[in-house]
There are 2 protein chains.
Amino acid sequence: MKLKKKILIHDIAKHLDVSIATVSLVLNGKAKEKRISDSLAEKVLKYVEEVGYKPNQLAKSLRTGKTHVIGLVVEDIANPFFATVAALIEKKLLARGYRIIYCSTNGDTAKTRDLLTMFQERHVDGYILALPDGVESDVRTLVRSGKPLILFDRELAGVLANAVVVDGEKGMYEATQHLLEQGFTSVAMVTLQAGQAQMQARLQGYSQAMQEWQLPEMVLELEFQQEREQIIHQMQAFCQANPTCNALLFATNYLGVYGLEAVNGLGRRIPEDLAIVSFDDNDLFRLYSPSITVVAQPLEAMAESIISTLLSALEGSQETGRITQLQLAPQLIVRESSIRVPQKARPRASRTKT
Amino acid sequence: MKLKKKILIHDIAKHLDVSIATVSLVLNGKAKEKRISDSLAEKVLKYVEEVGYKPNQLAKSLRTGKTHVIGLVVEDIANPFFATVAALIEKKLLARGYRIIYCSTNGDTAKTRDLLTMFQERHVDGYILALPDGVESDVRTLVRSGKPLILFDRELAGVLANAVVVDGEKGMYEATQHLLEQGFTSVAMVTLQAGQAQMQARLQGYSQAMQEWQLPEMVLELEFQQEREQIIHQMQAFCQANPTCNALLFATNYLGVYGLEAVNGLGRRIPEDLAIVSFDDNDLFRLYSPSITVVAQPLEAMAESIISTLLSALEGSQETGRITQLQLAPQLIVRESSIRVPQKARPRASRTKT
DNA sequence: CTGAAAGCGCTTACAG
DNA sequence: CTGAAAGCGCTTACAG
């Protein structure tokens, strides 16, 4: 097949006996604009196709300053929430001719800063970012640089930038209300210490509901980035220290997963002894027995909003300086783990009765 | 802070009153080699640090032909197996100064071909690939081009290239033996039609064991890329058409997940009515009740092998033309779903009442 | 040790 | 419509 004798724009110009400029212009769709005859343009296109000429993107980027690469920063690509959003974003961006470079921060501020620097060095055309707190000033600098940028999952305190987030406060408020209405009046929230905006919002939703019912709040705040065993251990200790607690609310997916392990380990039954609701949905929660009630994020809509906001910034169809901030509504999906069991077994499924 | 007045190598040469070459040489660690005085070198380094000069990677790449970017192709980044391997690879490569561009093929041959072309256009320094079948000749061309490349998860028929795979035949052979020894003698295998090497190996392991026991094989081969509902429906139809079947072996993680849904939907009890073993481990299988027996892939070891093979090819410390092929052993993790239940009910958890 | 210069492969005013 | 030429920002022989 096609050997690796790299063919250059110069070669094709020479072969067709036209100037390099002509070839370049045709290839970049500026034939009309520059009044190059249709027949010539077609001849160029045909020959380029024939020999399979591909412009060197590096040279092109160096010259134009555009790379058609988008930098995606997530907390952990192995987390199903981020993996799913990333897959959706990738699919949509690919169709528009953009590639993605991604990296995981693992919640590490210093690493995040390095990643951001690397992305700049690689001249990405735009950024999609879910960042740990602590990099506010770096992001502010980035915004000022004028590169299209969008935050998702969480905003950053004091950073004015495009953002797509989910209303975790509302989600957790509704989840707490649901538990309270089911008669679980001793609800505890398990969350992370991180000062991340979305975590605080989720906690806020819980607090709000508890206050409305004039019930005392119980919160377990776990340190970030601990080992699984550590977390499970602390959850179990918490349950034992709060024996009256009869419902647990988890602020994010992996806490919910570990929570199930912790509860199993203690031999507590769900929902008889302990009701469970977690933020984020996934296969495990859906299929677990009993199935777990969740506050699901609208992943497809998030990806869609992220892309469309970023693209409109990239394609300059909007005034610079214009900021788009979206807050999407999560959905409470009631399953077995949060339904009060009268005395005898329940059918299954999901009714919220008030 | 640092404004965006882009500083160039020329600026720093001028400021220090040395030549551009000197600065470049120092920056690329060739000071010694070129006999540049330590004091001068230090002065350069110091000033570069001071003003925060970062060489333009695009220009550098155009000149040197190296990008320090690795192309990673997986089937689906949202699949926990790929997401986890990707996260591990990313972490390890980052430490060595490489970045990753990733894309998902979704099993689509044409899309895969495009991705490969894109990676070439972007001049990635190396490739890490889990590909659908049908792109053998493209990969052969790639190998011939001399770019470091490593296949993982699956090899490609007739393609001689570096590869890291898991011995699925052995894994499934052991899983089948385990089921048979537990007294489940009517074992069916649920797999995908795809001609992918690793799928065939897994099927082969099952066949081997069944033949040794002189038992008839029952295989459900599902079409690739079907909707979840479709798959579940076919699984249920299969179970109903084969009422004697008392054990199901799933060839890959998401089939196992769908399988659980299918079995639940039919109201069959695990393992009383139907034993279950799936390839690949994950939270769901570990925490499901009953917990699911799996053939786990050594993810950490895979990532490690992939990286070390690729790096040694990248860093040219080995003769070109040398090929490394590794086959790692999977691990059978026996859990509740494949253990014969004597007569009475099982201890904890999970009862589907029929 | 250092300077001047070519060249990586393209795009795009600027003159014709 | 087209050609010659500059320039994107670097690296690296080649002469001193």
Side-chain angles (χ1 to χ4, degrees), chain A residues 4-45 47-48 51-69 120-125 147, chain B residues 4-45 47-48 51-69 118 120-125:
Chain A
K4 37 186 326 300
K5 164 100 67 62
K6 214 40 192 158
I7 146 162
L8 306 177
I9 194 170
H10 167 257
D11 301 324
I12 103 109
K14 192 150 161 193
H15 176 95
L16 291 177
D17 202 30
V18 299
S19 84
I20 289 181
T22 306
V23 177
S24 177
L25 260 10
V26 169
L27 252 26
N28 290 296
K30 301 199 172 157
K32 282 272 176 294
E33 189 181 313
K34 297 291 179 177
R35 310 170 160 274
I36 291 169
S37 72
D38 287 0
S39 63
L40 212 201
E42 201 170 322
K43 196 165 77 177
V44 171
L45 257 12
Y47 184 66
V48 162
V51 298
Y53 165 68
K54 307 273 183 201
N56 180 320
Q57 296 298 323
L58 248 27
K60 203 165 171 167
S61 295
L62 178 58
R63 191 53 237 251
T64 63
K66 302 259 169 249
T67 55
H68 272 80
V69 171
Q120 279 177 272
E121 285 181 27
R122 310 241 159 235
H123 298 256
V124 299
D125 284 353
K147 283 279 184 191
Chain B
K4 36 185 328 299
K5 164 99 64 71
K6 212 43 188 155
I7 147 161
L8 306 177
I9 193 170
H10 167 258
D11 300 325
I12 103 108
K14 193 149 161 195
H15 177 94
L16 292 177
D17 203 28
V18 299
S19 83
I20 288 180
T22 306
V23 178
S24 177
L25 259 12
V26 169
L27 251 26
N28 289 296
K30 301 200 171 154
K32 281 273 176 293
E33 189 181 315
K34 296 292 180 177
R35 312 174 158 272
I36 292 169
S37 73
D38 287 0
S39 64
L40 212 198
E42 201 170 321
K43 195 166 76 177
V44 171
L45 257 12
Y47 185 65
V48 161
V51 297
Y53 166 67
K54 306 275 182 198
N56 180 320
Q57 295 300 320
L58 247 27
K60 203 164 172 167
S61 295
L62 178 58
R63 189 55 235 249
T64 63
K66 303 257 171 254
T67 55
H68 272 79
V69 171
M118 284 179 351
Q120 280 176 272
E121 286 179 2
R122 311 238 160 239
H123 298 256
V124 299
D125 283 353

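Labels below follow one simple rule: chain letters A, B, ... track the order of the sequence lines, proteins then strands, and each chain is numbered from 1.
- In this structure, A:Lys60 does not reach the C:dG9 phosphate: none of its side-chain N or O atoms is under 4.0 Å from OP1 or OP2.
- Considering only the side chain of B:Thr64, D:dT11 comes nearest among C:dT11, C:dT2, D:dT11.
- For D:dA13, there is no paired base (Watson-Crick or G-U wobble, both distances below 3.5 Å).
- Between A:Glu33 atom CD and D:dT2 atom C1' there is a gap of 15 Å when expressed in whole angstrom units.
- Across the protein-nucleic acid pair, B:Leu16 atom CG and C:dG3 atom P stand 11 Å apart, rounded to whole Å.
- Contact annotation: A:Lys34 side-chain N/O to D:dT2 OP1/OP2 distance is not under 4.0 Å.
- B:Ser24 comes within 4.0 angstrom of a base, heavy atoms only.
- At least one side-chain nitrogen or oxygen of A:Tyr53 sits closer than 4.0 Å to the OP1 or OP2 atom of C:dC10.
- Put simply, the side chain of B:Ser24 never gets that close to the backbone of B:Ile20: no donor and acceptor are under 3.5 Å apart.
- Contact annotation: B:Asn28 reaches the phosphate of D:dT11 (side-chain N/O to OP1 or OP2, under 4.0 Å).
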Q) For B:Tyr47 and B:Val23, what are the C-alpha separation, side-chain angles and deciding distance, and is it a side-chain contact (heavy atoms from CB on, under 4.5 Å)? A) CA-CA 10 Å; B:Tyr47 185 65; B:Val23 178; over 6 Å; no
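- When the nucleotides C:dG3, C:dG9, C:dA13 are ranked by their closest atom to the side chain of A:Ala21, C:dA13 comes out on top.
- Remark: side-chain polar atoms of B:Ser61 are paired, donor with acceptor, to backbone N or O of B:Gln57 under 3.5 angstrom.
- Of the P atoms belonging to D:dA4 and D:dC8, the separation is 22 Å, rounded to the nearest Å.
- A:Ile36 comes within 4.0 angstrom of sugar-phosphate atoms only, judged by non-hydrogen atoms across all strands, and of no base.
- Side-chain atoms of A:Leu62 lie closest to C:dG9 of the nucleotides D:dC1, D:dT12, C:dG9.
- Between the NE2 atom of A:His68 and the P atom of C:dT11 there is a distance of 13 Å, rounded to whole Å.
- The CG-P distance, from B:Leu58 to C:dC10, rounds to 14 Å in whole Å.
- In terms of heavy atoms, B:Val44 sits closest to B:Leu16 at CA-CD1, 3.8 Å.
- Toward the 5′ end of DNA chain C lies the nearest nucleotide of B:Leu40, the other residue of the pair B:Arg63 and B:Leu40 mapping further downstream.
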Q: Go through the steps to decide whether A:Asn28 and A:Lys60 satisfy the test side-chain contact (heavy atoms from CB on, under 4.5 Å), and finish with yes or no.
A: CA-CA 11 Å; A:Asn28 290 296; A:Lys60 203 165 171 167; 3.6 Å; yes
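- Remark: D:dA4 base-pairs with no nucleotide in the shown strands. Criterion, Watson-Crick or G-U wobble with two distances under 3.5 Å.
- Nucleic acid contact class of B:Ser19 (heavy atoms, under 4.0 Å, all strands): base.
- If you check every strand for non-hydrogen atoms under 4.0 Å, B:Ser61 touches nothing.
- A straight line from NZ of A:Lys14 to C1' of D:dT2 spans 18 Å, rounded to a whole angstrom.
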